[in-house]
Amino acid sequence: MSVFHRFANPNRFLKLTNQVLPWVSGLTVLSLAAGLYMSFFTSPPDYQQGESVRIMYIHVPSAWMAMFVYTSIAIASVCSLIWRHPLADLAAKASAPIGAGFTFLALATGSLWGKPMWGAWWVWDARLTSVLILFFLYLGHMALMHAFEEQERGNKAAAVLAIVGFVNIPIIKFSVDWWNTLHQPASVMRADGPSIDPSMLWPLLIMGVAFKLFYIVVLLIRIKSELIEAKLRKYRRAVVDKAH
Amino acid sequence: MGSSLFQGEDLTCIRGGRTVFLGLNFNLAQGQALILEGPNGSGKSSLIRMLSGLVRPKLGKLVWQDQDATREPEIFQRHIHYIGHRNAIKPVLTVLENLAYWSGKKKDDPSLDDALDHFRMLPLKHTPANLLSSGQSRRLTLSRLLASERSVWLLDEPSVGLDVASVALLEDVIKTHRSKGGAIIFATHSPINVENPNKLNLQDYSPLYNKKLLAVENEEDSWI
Amino acid sequence: MEQITNFLSMGNYGAYIWTAYLLTAAVMSGLLVTTLQRLRKNKAELEEFQTIQNSTKQSGHKEEATRP
Amino acid sequence: MKAFLNIVSRDLHLAFRQKSDLTMAVLFFILTAMLFPFGLGPEPNLLARIAPGIIWVTALLAVLLSLERLFLADYEDGSLEQLILSSTSLEVAVLAKVFAHWLTTGLPLILAAPLIALLFNMDSDAMTILLIAMILGTPSLSLIGAIAATLTLGARRGGVLIPLLVLPLYIPTLIFGVGAIDAAMNSLEAGAVIANARPHLLLLGAILLVSLLITPLAGAAALRQSVE
């Protein structure tokens with residue numbers, strides 16, 4: 001009876017993860033160190049914003065991650081709903097806290113950058129508001145996922161929410177172009193090429209890569225942990241079934 | 001016995017990470033009655049819900065009149081009537097309004113009166129449903145079977161809350177339904193007498209009771 | 001010494017910049033640490049279960065063996 | 001279409017048999033809005049200035065209160081299973097239920113809004129825009145709310161979860177709803193009222209269109225999961 005072979009094979013996934021993990025972790029440490037060094041020592045102060053521009057090297061990558069992780073969750077949710085792949089559910093579940101963390105960082109570091117530049121910790125402009133909504137979407141996703149007795153139902157409900165909430169992502173991306181706001185417009189991800197100096201662009205990009213690698217490391221460990229939990233649940237059930 | 005109406009091949013149901021039953025086959029022909037047996041947790045309700053199309057089988061095939069309907073339960077949903085544990089009765093509506101809504105018929109349709117009469121509910125026709133006893137509610141629910149005129153009935157514990165006389169009414173209705181070529185699948189703990197029924201014991205397909213299946217399940221690497 | 005204070009003051013933006021970086025470090029290491037802790041806890045529990053299972057399996061085999 | 005009207009008339013029927021359901025949202029709306037003059041003082045200019053925000057926020061909370069009931073009764077008494085098994089397309093059924101919900105909560109709110117606007121000294125131009133904005137905005141509130149209502153069926157703390165899921169998604173409607181009235185109040189020439197409010201109203205319309213598209217799909221998917 002080979003019926004169970006047709007499901008995802010978690011053992012193969014675990015084996016692959018264990019092989020990849022040391023390499024990704026090493027790369028994360030390297031790129032993080034290089035990014036930090038460059039953002040403090042090789043990049044110049046901004047001619048308008050002075051040294052405070054150094055907050056950019058964590059603020060902008062955090063904001064990228066906030067959107068990137070949410071997009072990953074939305075893609076995983078589509079896979080979960082259409083192909084019912086169990087690993088997609090685990091990936092979405094494992095990603096949400098990481099995404100929420102980075103969204104919080106984007107908001108907090110933005111606030112710390114905004115205070116000296118704009119004179120206010122917070123302004124209610126389109127970009128900030130839409131990122132705040134994103135943060136609440138992450139919280140709602142996590143709450144919904146854990147709100148059901150049956151994990152399966154939580155996964156599916158959260159998947160629908162993630163897909164519905166995805167409308168927010170283009171709004172965040174283009175809010176600075178559509179509305180004239182205090183927040184500065186995009187300077188890296190532009191159709192006609194980045195508009196900032198290479199001495200600032202490089203540390204920014206390297207930090208961006210470092211954050212993404214960090215996400216992959218934490219994500220893989222979390223999925224691994226979830227898989228072990230699933231195995232534990234199976235053992236516990238077996239004990240109950242035996243007593244039946 | 002008529003030709004094959006509804007078939008299941010190698011059906012597997014997994015709920016909350018637990019295999020409820022696996023490798024289950026059944027065949028329902030016109031005029032047949034299939035009784036699902038088995039202790040608590042062997043998956044009787046799950047199977048009935050799967051056959052109604054509410055739950056999709058994880059593995060296996062559902063065939064309706066030689067047509068593969070595994071992916072499109074809509075094919076057979078038009079021909080079945082499912083009655084679950086809950087009665088789907090709105091307390092603020094009258095007995096007749098409740099019946100009319102789910103059978104999709106006008107309130108003055110004579111077949112509604114007939115259906116109510118079969119289950120001795122006609123005198124309560126204009127009573128708000130919140131005044132009904134649990135047995136009366138169940139009888140109202142069962143009268144939908146007659147009003148909706150579907151060929152296959154899927155009944156999950158239809159006799160819950162019914163007294164002996166009402167169970168006899170149900171047996172009567174089932175008999176007429178079968179004689180007209182209808183088929184029926186039901187799960188029950190209390191005896192309902194039907195002529196030459198086919199029986200399916202879910203215990204044989206449940207890893208919880210059939211330890212041979214448990215071994216098969218445990219051997220596999222997949223645990224999610 | 002003066003170089004270090006200059007570096008730390010960051011053109012008078014030091015308070016904002018260092019708070020931002022420290023906060024980032026705190027959140028990221030927090031994510032990593034909680035994740036690793038959970039993994040370790042789950043791994044330990046799994047090992048416990050597997051040792052119990054193995055011992056019951058062995059004793060089960062013995063029982064079968066002793067039965068004629 | 002017939003199935004759509006069937007469901008709408010049934011839900012209206014049910015709502016009219018239980019009149020408390022019908023009046024609760026609108027009573028909440030009026031009472032809550034009336035608290036603000038007591039809290040902020042009766043100064044007419046101040047009240048006129050903040051009226052748009054108060055009307056929208058209280059309307060939003062009133063809709064929020066009614067959301068949990070939208071699908072819960074059908075879910076609990078087994079009607080939802082029968083609805084899914086019936087020949088009606090579930091997407092149409094979701095739209096019908098949402099439409100009935102709007103008729104029983106959104107519409108009364110729109111009818112009550114001019115009363116509150118009068119109490120807050122809003123001028124007639126602003127009141128016209130308020131009504132247009134609410135006609136465009138309240139259906140979106142029902143539509144977006146329905147998604148959360150279907151997603152939380154069977155959840156442990158459904159009632160607490162719905163606000164968490166729904167309020168962030170309501171923010172755009174709130175922003176443009178208030179923005180439209182503010183723009184109308186700030187226009188100096190009489191003819192410019194509509195022109196100033198126009199972009200906000202168009203955005204409200206866009207939100208309505210997007211939610212009209214998303215809600216039936218997401219709602220039907222969530223309903224199917226809820227009975228699985």
Quiz item: So which of B:Arg56, B:Arg78, B:Lys90 has the biggest tally of heavy-atom pairs under 4.5 Å with chain D?
Solution: B:Lys90
Quiz item: Hey, does D:Val227 have a side-chain heavy atom less than 4.5 Å from the side chain of B:Arg49?
Solution: yes
Practice problem: Please answer whether the main-chain N or O of D:Tyr75 pairs with a side-chain N or O of B:Arg86 as donor and acceptor at a distance below 3.5 Å. | Solution: yes
Practice problem: Could you pull out all residues at least two apart from D:Lys97 that satisfy salt bridge (Lys or Arg N to Asp or Glu O under 4.0 Å)? | Solution: D:Asp11, D:Asp74
Quiz item: Do D:Asp77 and B:Ile89 have side-chain heavy atoms sitting under 4.5 Å apart?
Solution: no
Self-check item: CZ-CG distance between D:Arg224 and B:Leu54, expressed to the nearest 0.5 angstrom
Solution: 10.5 Å
Quiz item: Which bit of D:Leu83 is near chain B, if near means a heavy-atom gap under 4.5 Å: side chain, backbone, both or neither?
Solution: both
Quiz item: Roughly how far, to the nearest 0.5 Å, is the CG atom of D:Leu85 from the CD1 atom of B:Ile83?
Solution: 11.5 Å
Exercise. Against chain D, label B:Glu74 side chain, backbone, both or neither, depending on which of its atoms sit under 4.5 Å from a heavy atom there.
Key: neither
Quiz item: Does NZ in B:Lys105 sit with more than 12 non-hydrogen atoms of other residues, nucleotides or ligands closer than 6.0 Å?
Solution: yes
Practice problem: Compare every heavy atom of B:Tyr82 with every heavy atom of D:Gln82, then report the nearest pair and how far apart it is. | Solution: NE2-O, 2.9 Å
Quiz item: Is any side-chain heavy atom of B:Glu97 closer than 4.5 Å to a side-chain heavy atom of D:Arg17?
Solution: yes
Quiz item: What residue pairs, at least two apart or across chains, pass side chain to side chain donor-acceptor pair (under 3.5 Å) with a residue in residues 139-148 of chain D?
Solution: D:His101-D:Ser142
Quiz item: Contact part of D:Ala73 toward chain B, heavy-atom cut-off under 4.5 Å: side chain, backbone, both or neither?
Solution: both
Practice problem: Check whether D:Gln225 gets within reach of chain B through its side chain, its backbone, both or neither, counting any heavy atom under 4.5 Å. | Solution: neither
Exercise. Would you mind checking which part of D:Gln18 comes under 4.5 Å of any heavy atom in chain B, side chain (CB onward), backbone (N, CA, C, O), both or neither?
Key: side chain
Quiz item: Any donor-acceptor pair under 3.5 Å linking the side chain of B:Arg15 with the backbone of D:Glu228?
Solution: yes
Self-check item: Contact class of B:Tyr101 relative to chain D, heavy atoms under 4.5 angstrom
Solution: side chain
Exercise. Can you see which heavy atom on D:Ile84 is nearest to which on B:Gln77, and at what distance?
Key: O-OE1, 4.3 Å
Quiz item: Should the heavy atoms of other residues, nucleotides or ligands under 6.0 Å from NE2 of B:His118 be counted, would the total exceed 12?
Solution: no
Quiz item: Relative to chain B, which segment of D:Leu223 carries a heavy atom at a distance below 4.5 Å: side chain, backbone, both, or neither?
Solution: neither
